[in-house]
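Here the structure is a predicted model, which is why all the values come from computation and not from measurement. Below, read A as the first sequence line, B as the second, and so on, with proteins coming before strands; counting in each chain starts at 1.
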Protein chains: 2
Amino acid sequence: MARSNKERTEATRLALIEAARRLFVEKGYAETATPDIVAEAGVTRGALYHHFEDKKALFRAVLEREGEAVAVHIEGVALKGASPRQALLLGASAYFDAMAIAGRTRLLLLEAPAVLGLESVVAIDRENTESTLKTGLSNFLGAAAGAATLQALTDMLSAAFDRAAIAIETGADRAIYEKAIAGLLDGLVRA
Amino acid sequence: MARSNKERTEATRLALIEAARRLFVEKGYAETATPDIVAEAGVTRGALYHHFEDKKALFRAVLEREGEAVAVHIEGVALKGASPRQALLLGASAYFDAMAIAGRTRLLLLEAPAVLGLESVVAIDRENTESTLKTGLSNFLGAAAGAATLQALTDMLSAAFDRAAIAIETGADRAIYEKAIAGLLDGLVRA
DNA sequence: TAACATACAGACAGTTTGTATGTAAAGGCA
DNA sequence: TGCCTTTACATACAAACTGTCTGTATGTTA
């Protein structure tokens with residue numbers, strides 16, 4: 001079976017990323033050894049270090065894939081004709097849907113900050129979910145809030161959503177969190 | 001110089017914890033090797049593994065010390081005669097003061113979840129800051145909010161405070177975040 | 001088809017972690 | 001005070017892991 005180089009590369013990279021994802025989710029980044037990853041992927045360590053600079057780069061590849069999937073899911077929800085308030089609440093709900101995929105909270109919220117450092121995670125976040133939330137909040141609050149305040153609220157609400165996603169995954173009632181979020185948002189415009 | 005066993009133990013444990021704290025803050029948990037820690041502490045690896053089960057246990061000791069210090073600082077602020085609202089805002093401000101100690105955000109918010117796992121961190125949090133925030137919120141909101149809603153709000157606001165502490169450490173204007181927090185809280189009771 | 005580049009495979013060296021064994025100092029007891 | 005046990009280390013050791021280096025086979029290009 002003759003495969004082109006592009007096909008080979010794509011296949012091995014994908015196998016490595018998917019195997020790594022499984023193991024990182026199951027045992028965490030630090031406890032996952034590269035021999036285990038390549039065994040799971042059906043390749044050798046030579047292939048791993050050919051395609052990725054090091055173990056951390058492989059983790060970053062897993063993470064980027066994951067963050068992108070979350071962003072795609074959120075942007076995929078139909079907001080046509082929704083009020084700014086509805087748009088925010090729908091966005092939050094879509095975020096919870098996206099984060100309900102097994103392992104996502106662990107990868108994105110627990111491991112990533114420690115493995116990649118704060119800057120990288122903030123950068124990935126900024127590219128994906130943060131801007132969506134920020135414009136949503138801006139539409140909701142109107143021009144009343146200054147840029148700095150808008151940034152602060154975006155930042156803190158984003159963190160609140162993250163924690164809510166973790167709580168929901170560990171068994172908390174999702175409806176309660178969504179109601180609490182609605183309460184927080186409504187309070188902001190009842191000033 | 002003859003020292004009792006209790007003195008020796010206390011001295012070496014402290015030296016190890018303080019040395020480990022410095023290196024964990026500087027380079028992170030994973031990048032810090034035990035030979036470096038013991039060199040910095042002026043002891044040998046034998047001493048480390050005599051007093052701590054493993055490297056993770058040493059990290060846990062560092063973390064418990066840190067979390068306790070934060071809790072002590074927060075509980076130390078005078079709330080006599082303060083309104084529930086003032087108490088919450090003063091508590092938030094005290095939390096930012098406490099988290100401004102160098103390395104604390106990295107240890108408590110970035111490394112700990114990945115190294116110790118979510119449960120341990122939640123447990124440490126629950127013992128220290130969370131109950132304070134929860135009762136503060138309860139006083140502020142009155143009996144209107146149900147137990148589940150109170151828990152959800154505590155959870156999310158706690159996360160918001162954490163992210164705010166990180167933002168402040170990385171140069172954001174603290175006053176903006178404190179104002180935003182006041183806005184969020186006030187909105188909750190203007191329903 | 002000859003030359004080159006890419007995609008691996010396997011061996012290797014340097015670290016690192018936890019353990020096991022040995023030693024010296026402290027503590028309890030006759 | 002002398003003896004015995006326990007505690008607090010120090011050092012050597014084995015296993016595992018990461019990243020690199022060298023070699024080979026397969027695709028690609030001139």
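At the phosphate of dC9(D), OP1 or OP2 sits under 4.0 Å from a side-chain N or O atom of His51(B). Considering only side-chain N and O atoms, Thr34(B) lies nowhere under 4.0 angstrom from the phosphate OP1 or OP2 of dG18(C). Taking 4.0 angstrom as the limit, Thr9(A) places a side-chain polar atom (N or O) nearer than this to OP1 or OP2 of dA7(C). Remark: His50(A) is in phosphate contact with dA7(C), judged by side-chain N or O atoms under 4.0 Å from OP1 or OP2.
Checking dC9(D), dT17(C), dG10(C) against the side-chain heavy atoms of Thr44(B) singles out dC9(D) as nearest. For Asn5(A), the listed nucleotide lying nearest its side chain is dA7(C); candidates were dA7(C), dC8(C), dT18(D). Of the candidates dC8(C), dT19(C), dT28(D), dT28(D) carries the atom nearest the Ser4(A) side chain, counting heavy atoms from C-beta on. The nucleotide whose nearest atom lies closest to any side-chain atom of Arg45(B) is, among dT6(C), dT20(D), dT19(C), dT19(C). Each of dA9(C), dT19(C), dT18(D) was ranked by its minimum atom distance to the side chain of Tyr49(A); first place goes to dT18(D).
Along DNA chain D, the nucleotide closest to Gly46(A) and the one closest to Ala47(B) are compared, and the more 5′ of them pairs with Ala47(B).
Because its NZ or CZ atom is not both nearer than 6.0 Å to the ring centre of Tyr49(A) and within 45° of the ring axis, Lys55(A) does not count as a cation-pi partner of that residue.
The CG atom of Leu48(A) sits 9 Å away from the P atom of dT18(D) (whole-angstrom rounding). In this structure, Glu7(B) places its CD atom 18 Å from P of dT7(D), rounding to the nearest Å. With rounding to whole Å, Glu31(A) atom CD is found 11 Å from dT17(C) atom C1'. Atom CD1 of Ile37(B) is separated from atom C1' of dT17(C) by 11 Å (rounded to the nearest Å). Between the C1' atom of dT18(D) and the CZ atom of Phe59(A) lies a distance of 17 Å, rounded to the nearest Å. For the pair Glu53(A) CD and dT18(D) P, the interatomic distance rounds to 15 Å; values are reported in whole Å. Rounded to whole angstrom, the span from the NZ atom of Lys56(B) across to the P atom of dT17(C) amounts to 13 Å. Rounded to an integer number of Å, the gap from Tyr29(B) OH to dT16(C) C1' is 12 Å.
For dG27(D), its base never sits under 3.5 Å from the side chain of Arg8(A) at any donor and acceptor pair. For dG27(D), its base never sits under 3.5 Å from the side chain of Arg3(A) at any donor and acceptor pair.
By the neighbour-count criterion of 12 heavy atoms within 6.0 Å, atom CD of Glu18(A) is densely surrounded, having more than that number from other residues, nucleotides or ligands.
The two atoms that bring Arg45(A) and Pro35(A) nearest to each other are CD-CG, 4.0 Å, heavy atoms only.
Counted by atom type alone, Ser131(B) and Arg126(B) present zero donor-acceptor pairs between their side chains at under 3.5 Å.
Contact check for Glu169(A) versus Met99(A): no side-chain heavy atoms found under the 4.5 Å cut-off.
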